[in-house]
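Heads up, the thing below is written out as structure tokens.
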Amino acid sequence: MKKTILALAITLSAATLSAAQLLEAIVIRVGDRVITRTQYVRRLHDASAEIEQTTTSPAEIASKKEEMRKNLSNDLIAELLIKDRADRLAITVTPDEIKEALVRLKEQYGMKTDKDFEDSLRKSGMARADMEARLHDTILTNKVFGRELRSREDLTDKELRDRYDREKERYRLPERARLREIIVIKPEDPTKVEAARERATALAAQSRTGDFAKLATTSSDSGTKEKGGDLGEVTRGELLPDLDKAVFNAQSGAVLGPIETKSGWHILKVEARLPSEVPAFESVKDRLRKDASEDAWQRDYKAYIERLRKDAFIQINDQYIPTT
């Protein structure tokens, strides 16, 4: 079972009040909708399991769990508010939409049969009906957001350019160099090392007077030989220290080496030195749109939930919230 399926399973689990729930302690009430203590505990358990599956550091796990516990009541209130808003907007989800979502979900995780899907759900402790309920709520929420929150495509060029002017240093490119390489690998047999060194020296001399790319294709031991030794762009600090120092102290067009490292000898051609620079607006426009829209969406979402909270009856019974 992939981790993100569990992540989907733990979201949007709020339910409406039923006769059976009247027998249980109610932790949160939003209008006619409630979260019972059993539902709250289940959400805590599933969210904790998701954190444990996606995080390796014990300290980070503890920190994420603490943050999750702190935010859980507000998250559940938001979910209930969105469901209530969907009712007011007459937004519904059809059985066909749930079926289509199930098909996409199975395709996403490479599950070819219903049995594969059922087995995966069973391993996560879920029934098919539970997952269908989660998908229903996810689709419903997306429909509400699609109706009432601004799309990233609505951001104008002026808004993006204003953000670029304010935050362009964030998009600054580091100092770079465009390189080609010829590598002579150091033999494991000590008796052959000197011959390899002499070969590297000879190749370096040839590379300074001939076609570097052609020589790399015919003589390099590196996998880049098929591309004429083309390494593309590298940033300062990306190479081994001796290579990095040589490259970023050289001029465009320089051929360096052979430089000996633990693995062999490197002959490098600095085809171009590229300074640290802020890219033009047009070249980062799509990235700006993505970054700006995510930030804007978060702001819009927070403001939207706050607006819904102001008009809603909300009750939190802290005494029923689990403390462990």
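In this text the structure is predicted, and so the values were computed from the model without any measurement.
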Legend entry - Polar side-chain atom of Arg176 near backbone of Ser276 as donor-acceptor pair, under 3.5 Å: no
Inset, instruction - Please answer whether the main-chain N or O of Thr217 pairs with a side-chain N or O of Ser220 as donor and acceptor at a distance below 3.5 Å. - result: no
Inset, instruction - Tell me, yes or no, whether the heavy-atom count around Asp286 atom CG, taken from other residues, nucleotides or ligands under 6.0 Å, exceeds 12. - result: no
Legend entry - Check: Glu159 main-chain N/O paired with Arg161 side-chain donor or acceptor under 3.5 Å: no
Inset, instruction - Could you grab the distance from atom CZ of Phe281 to atom CG of Leu288, nearest 0.5 Å is fine? - result: 6.0 Å
Inset, instruction - To the nearest 0.5 Å, tell me how far Asp211 CG sits from Gln206 CD. - result: 12.0 Å
Legend entry - Residues which pass salt bridge (charged side-chain N to carboxylate O under 4.0 Å, His left out) with Glu132, listed by chain and number, not counting sequence neighbours: Arg128
Inset, instruction - Measure the spacing between CZ of Arg29 and CZ of Phe313 and express it to the nearest 0.5 Å. - result: 6.5 Å
Inset, instruction - Give the C-alpha distance, both sets of side-chain angles, the deciding distance and a yes or no for side chain to side chain donor-acceptor pair (under 3.5 Å) between Asn142 and Arg147. - result: CA-CA 9 Å; Asn142 288 339; Arg147 177 85 65 88; over 6 Å; no
Inset, instruction - Using a cut-off of 6.0 Å, state whether more than 12 heavy atoms not belonging to Arg172 lie near its atom CZ. - result: yes
Legend entry - Side-chain (Thr224) to main-chain (Lys227) donor-acceptor, under 3.5 angstrom: no
Legend entry - Residues Lys225, Glu181: salt bridge by 4.0 Å N-O rule: no
Inset, instruction - Determine the sole option in Asp116, Asp119, Asp114 for which the salt bridge (Lys or Arg N to Asp or Glu O under 4.0 Å) test with Lys106 is passed. - result: Asp114
Inset, instruction - Taking Arg199 for its side chain and Val184 for its backbone only, find out whether a donor-acceptor pair lies under 3.5 Å. - result: no
Legend entry - Candidate pair Asp87 and Lys83, rule salt bridge (charged side-chain N to carboxylate O under 4.0 Å, His left out), full reasoning: CA-CA 6 Å; Asp87 286 347; Lys83 286 186 174 183; over 6 Å; no
Inset, instruction - For Val278 and Tyr164, run side-chain contact (heavy atoms from CB on, under 4.5 Å): C-alpha distance rounded to whole Å, both residues' side-chain angles, the deciding distance at 0.1 Å, then the answer. - result: CA-CA 10 Å; Val278 176; Tyr164 172 81; 3.6 Å; yes
Inset, instruction - Check whether more than 12 heavy atoms from other residues, nucleotides or ligands sit under 6.0 Å from atom CD of Gln315, and answer yes or no. - result: yes
Legend entry - Main-chain N/O of Thr235 paired with Glu238 side-chain donor or acceptor, under 3.5 Å: yes
Inset, instruction - Considering non-hydrogen atoms only, spot the tightest contact between Ser283 and Pro279 and give its length. - result: OG-CB, 3.3 Å
Legend entry - Flag if over 12 foreign heavy atoms under 6.0 Å of CZ, Arg178: no
Legend entry - In one Ile/Leu/Val/Met/Phe/Trp/Tyr side-chain cluster, 4.5 Å: Leu81, Leu89: yes
Legend entry - Joint hydrophobic cluster, Leu308 plus Ile91, side-chain heavy atoms closer than 4.5 Å: yes
Inset, instruction - Any chance you could lay out the side-chain contact (heavy atoms from CB on, under 4.5 Å) test for Glu52 and Lys65, step after step, and finish with the verdict? - result: CA-CA 9 Å; Glu52 289 168 2; Lys65 283 186 177 181; 2.5 Å; yes
Legend entry - Inter-residue atom distance Arg43.CZ - Thr38.OG1, 0.5 Å rounding: 15.0 Å
Inset, instruction - Run through Leu173, Leu179, Leu274 and flag the one making a side-chain contact (heavy atoms from CB on, under 4.5 Å) with Glu233. - result: Leu274
Legend entry - same_hphob_cluster(Leu231, Leu240) at 4.5 Å side-chain heavy-atom cutoff: yes
Inset, instruction - Might you point out which heavy atoms bring Leu44 and Met68 nearest each other, and give the distance in Å? - result: CD2-SD, 3.8 Å
Legend entry - Backbone of Glu24 reached by a side-chain donor or acceptor of Thr36 within 3.5 Å: no
Legend entry - Asp84 (side chain) donor-acceptor with Leu80 (main chain) under 3.5 angstrom: no
Inset, instruction - Could you tell me which non-hydrogen atom of Trp265 sits nearest to which non-hydrogen atom of Pro258, and how far apart they are? - result: CB-CB, 4.0 Å
Inset, instruction - Taking atom CD of Glu66 as the centre, report whether more than 12 heavy atoms of other residues, nucleotides or ligands fall under 6.0 Å from it. - result: no
Inset, instruction - Tell me, with the steps shown, if Glu107 and Arg104 meet salt bridge (charged side-chain N to carboxylate O under 4.0 Å, His left out). - result: CA-CA 5 Å; Glu107 289 176 349; Arg104 290 194 299 270; over 6 Å; no
Legend entry - Spatial distance of atom CG (Leu160) from atom CG (Asp157) [nearest 0.5 Å]: 6.0 Å
Legend entry - side-chain contact (heavy atoms from CB on, under 4.5 Å) assessment of Ile26 paired with Ile35: CA-CA 6 Å; Ile26 293 174; Ile35 298 292; over 6 Å; no
Legend entry - Check: Asp244 side chain, Arg236 main-chain N or O, donor-acceptor pair, under 3.5 Å: no
Legend entry - Interatomic distance, Lys269 atom NZ to Leu215 atom CG [nearest 0.5 angstrom]: 11.0 Å
Inset, instruction - Give the C-alpha distance, both sets of side-chain angles, the deciding distance and a yes or no for side chain to side chain donor-acceptor pair (under 3.5 Å) between Thr55 and Glu60. - result: CA-CA 7 Å; Thr55 311; Glu60 191 176 358; 5.0 Å; no
Inset, instruction - Would you indicate whether Tyr320, at its atom OH, is surrounded by more than 12 heavy atoms from other residues, nucleotides or ligands within a distance under 6.0 Å? - result: no
Inset, instruction - Answer yes or no: is there a donor N or O on one side and an acceptor on the other, between the side chain of Asn317 and the main chain of Gln319, under 3.5 Å? - result: no
Inset, instruction - Taking the side chain as every heavy atom from C-beta outward, state whether Val30 and Leu76 have any pair of such atoms under 4.5 Å apart. - result: no
Inset, instruction - Provide the closest heavy-atom pair for Val34 versus Gln39 in the form atom of the first, atom of the second, distance. - result: O-OE1, 3.6 Å
Legend entry - Presence of salt bridge, Glu67 and Lys64, under 4.0 angstrom: no
Legend entry - Arg197/Glu194 under salt bridge (charged side-chain N to carboxylate O under 4.0 Å, His left out): CA gap, chis, key distance, verdict: CA-CA 5 Å; Arg197 180 180 286 108; Glu194 189 56 36; 2.8 Å; yes
Legend entry - Donor-acceptor pair between Ser263 and Lys186 side chains, under 3.5 angstrom: no
Legend entry - Test log, rule side-chain contact (heavy atoms from CB on, under 4.5 Å), inputs Ser73 and Ile28: CA-CA 8 Å; Ser73 291; Ile28 297 170; 4.1 Å; yes
Legend entry - Asp96 and Thr94: CA distance, side-chain angles, deciding distance, side chain to side chain donor-acceptor pair (under 3.5 Å) verdict: CA-CA 5 Å; Asp96 284 344; Thr94 68; 5.3 Å; no
Legend entry - Tyr301-Phe145 aromatic ring centre distance below 6.0 Å: yes
Inset, instruction - Please name the pair of heavy atoms, one in Ala200 and one in Ile267, separated by the smallest distance, quoted to 0.1 Å. - result: O-CD1, 3.5 Å
Legend entry - Connected via hydrophobic side-chain network under 4.5 Å: Ile185 and Ile259: no
Inset, instruction - Check Arg273 against Val270 and note the closest heavy-atom contact, atom names and distance. - result: CG-CG1, 3.9 Å
